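Every number for a ligand or one of its atoms is a count from 1 in the order of the listing. Note that the coordinates shown come from a computational prediction; the quantities given were computed from them, not determined experimentally.
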Amino acid sequence: MNLASEVEQYLPRQILELVAGISQEADRLGQRTYLVGGVVRDLLLGYPNFDLDLVIEGDALRLAQQIAKTRVIKLVTHPRFGTAKLSCGDFTLDMATARRETYAKPGALPTVMPGILNDDLFRRDFSINAMAISLAPNNYGELIDPYHGKSDLEHRSIRVLHPKSFSDDATRILRAIRYEQRLGFKLETQTAQLLERDVPMLRTISADRIRHELELILREKYPEHVIKRLDELGVLQEINPSLDYNGWIEGKFDKARKLSRSRQLPSLYLCLLAYRLSEEENEQLIHRLNLPKKLACILHHTLRLKSLLPLLDRPAMKHSEIYCLLHEYNPLAIQANAIASGSPLARSNLELFLTKLRYMKTSLDGEKLKGLGISPGPELGKILQTLHKAKLDGEVKTKAEEEKLALLLKPREEEAEGTQTKITKQNIFGESSRPAR
Ligand code: ATP
Ligand code: MG
């Protein structure tokens with residue numbers, strides 16, 4: 001089957017030109033170039049996908065370096081793996097030397113040897129991801145499909161290429177469910193049996209690789225569908241025994257999508273996934289995924305704030321009080337609580353903080369207070385805090401009102417001691433409300 005005209009229609013001009021340049025150069029060097037993996041699958045399905053993977057029968061690194069010499073593109077090479085990444089504008093193009101892989105033991109990183117295209121396709125996860133399109137001049141556009149991926153696409157079926165696939169690399173369990181749910185496909189019967197058999201093999205997978213696959217799941221359009229299936233198949237519990245789906249997540253993820261910017265969504269989903277865990281279970285999850293410090297901290301904040309929610313479940317709270325309770329928490333942790341909390345009052349207080357209070361600033365700053373004759377030092381800091389509190393509570397609105405209050409608070413030489421005590425009492429931004437670090 002020849003897909004030359006589909007390729008020409010599908011790929012943007014800019015990518016086509018680059019790809020044509022690569023295959024001509026490869027031909028000159030006596031090498032062959034193929035489009036492989038997700039882009040071939042999505043081209044046949046008619047879905048956009050401009051993260052291109054090229055496999056080279058030859059030497060991908062040398063070819064990439066040759067191409068980068070004559071074009072304005074960014075090149076990053078990984079000589080150890082024989083791969084190179086070219087970036088240009090919005091798209092990336094990964095180039096890899098065709099390789100053969102063997103697994104010394106389950107979950108180990110594979111031993112890699114140079115190979116031909118068919119070896120490279122055989123090392124892949126599923127038949128629908130194991131197709132290639134030739135870019136060589138003499139058979140440009142030809143579909144190479146030794147494992148019947150096109151037929152599986154037509155039957156909407158996810159199928160592994162051999163019975164040891166999931167045990168060799170159990171991340172494929174997570175990938176299978178991700179594609180099944182994204183594409184609305186079914187696991188082929190034997191693949192489903194192998195998957196269920198090999199769920200315990202997830203224990204052989206490193207934290208970083210599990211985290212990577214979970215991140216890919218949380219980047220899907222509807223990750224809750226994937227999580228539901230992972231739960232049904234016992235995969236979620238294999239990652240952490242306390243994780244479950246039970247329908248709660250569905251509405252919460254939907255709400256998250258409506259409220260949050262897409263870049264932050266995966267982290268927000270993770271907070272919601274962990275929301276019903278105890279602090280101890282949360283620690284286990286953080287460890288199992290080897291979460292980076294920042295994300296671990298967001299999860300800590302989420303659960304700590306959850307335990308503070310009763311304090312926010314009150315009507316007519318002073319804005320400064322809400323600010324005091326929340327200002328040191330990560331905004332994503334606050335957002336997660338605003339989505340997850342069952343209390344409408346707590347929710348509206350959290351939302352008020354996120355949408356308004358956290359942005360409210362006084363017109364006066366330290367420099368301007370100095371201009372009013374207030375000397376630098378702890379007193380000045382306290383006056384600023386008092387002004388901020390007054391601003392939050394609507395007691396001062398204009399810059400002139402702030403100045404008036406600042407002058408009232410300004411310690412007179414002979415009363416410095418007394419004023420200090422008074423302001424300290426007014427200061428509600430105490431240490432006690434801070435989340436312990
Ligand atoms: P997506 O649209 O999710 O990016 P993709 O098919 O492009 O799908 P990638 O994760 O970008 O998926 O991987 C590119 C290709 O590498 C896949 O199509 C698949 O052939 C192969 N691959 C990725 N991970 C594995 C794995 N764990 N085992 C075998 N092959 C894999
Ligand atoms: Mg991809």
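Annotation for ligand 1: atoms under 4.0 Å from non-hydrogen atoms of Gly37 are 18 (O). Close contacts of ligand 1 with Arg178, meaning ligand atoms under 4.0 Å from a residue heavy atom, involve 3 (O). Taking a cut-off of under 4.0 Å to the non-hydrogen atoms of Arg182, the atoms of ligand 1 that pass are 1 (P), 2 (O), 3 (O). In the vicinity of Arg123, heavy-atom distances shorter than 4.0 Å reach the ligand 1 atoms 29 (C), 30 (N).
The nearest heavy-atom contact from the protein to atom 21 (C) of ligand 1 is Arg124 NH1, 3.6 Å. Asp125 OD1, 3.4 Å is the protein heavy atom nearest to atom 19 (C) of ligand 1. Considering only non-hydrogen protein atoms, atom 14 (C) of ligand 1 sits nearest to Asp53 OD2, 3.6 Å. Scanning the protein heavy atoms around atom 28 (N) of ligand 1, the nearest turns out to be Arg172 NE, 2.8 Å. In this structure, the protein non-hydrogen atom closest to atom 7 (O) of ligand 1 is Gly38 CA, 3.7 Å.
In terms of N/O distances under 3.5 Å, ligand 1 is approached by Asp169. Polar contact check, Tyr179 against ligand 1: a nitrogen or oxygen pair lies under 3.5 Å apart. For the pair Arg175 and ligand 1, the shortest N or O to N or O distance falls below 3.5 Å. Considering backbone and side-chain atoms alike, Arg41 places an N or O below 3.5 Å from some N or O of ligand 1.
Between Asp244 and Arg276 there is a salt bridge, with a side-chain nitrogen of the basic residue lying less than 4.0 Å from a carboxylate oxygen of the acidic one. By the 4.0 Å N-to-carboxylate-O rule, Arg99 lies close enough to Glu101 to be salt-bridged with it.
A cation-pi arrangement is absent between Lys389 and Tyr323 under the rule of less than 6.0 angstrom and at most 45 degrees off the ring axis.
Contact annotation for atom 16 (O) of ligand 1: protein present (non-hydrogen atoms, distance under 4.0 Å). Not a single protein heavy atom sits closer than 4.0 Å to atom 4 (O) of ligand 1.
If you check the side chains of Arg288 and Asn240, you find no donor sitting under 3.5 Å from an acceptor. For the 3.5 Å distance criterion, the side chains of Tyr10 and Asp42 fail to qualify, holding no donor opposite an acceptor. A donor atom on one side chain and an acceptor atom on the other are found under 3.5 Å apart for Gln237 and Asp231.
Under a 4.0 Å heavy-atom criterion, Phe126 is not in contact with ligand 1. Residue Thr171 places a heavy atom less than 4.0 Å from ligand 1.
Taking each heavy atom of Leu61 and His78 in turn, the nearest pair found is CD2-N, 4.4 Å.
Side-chain atoms of Ile227 and Leu218, non-hydrogen and from C-beta on, do get closer than 4.5 Å to each other.
Within a 6.0 Å radius of CD in Glu154, other residues, nucleotides and ligands contribute more than 12 heavy atoms.
Taken to the nearest 0.5 Å, the CG atom of Leu3 stands 8.0 Å off from the NZ atom of Lys150.
You'll find the ring centres of His162 and Phe122 inside the 6.0 Å limit.
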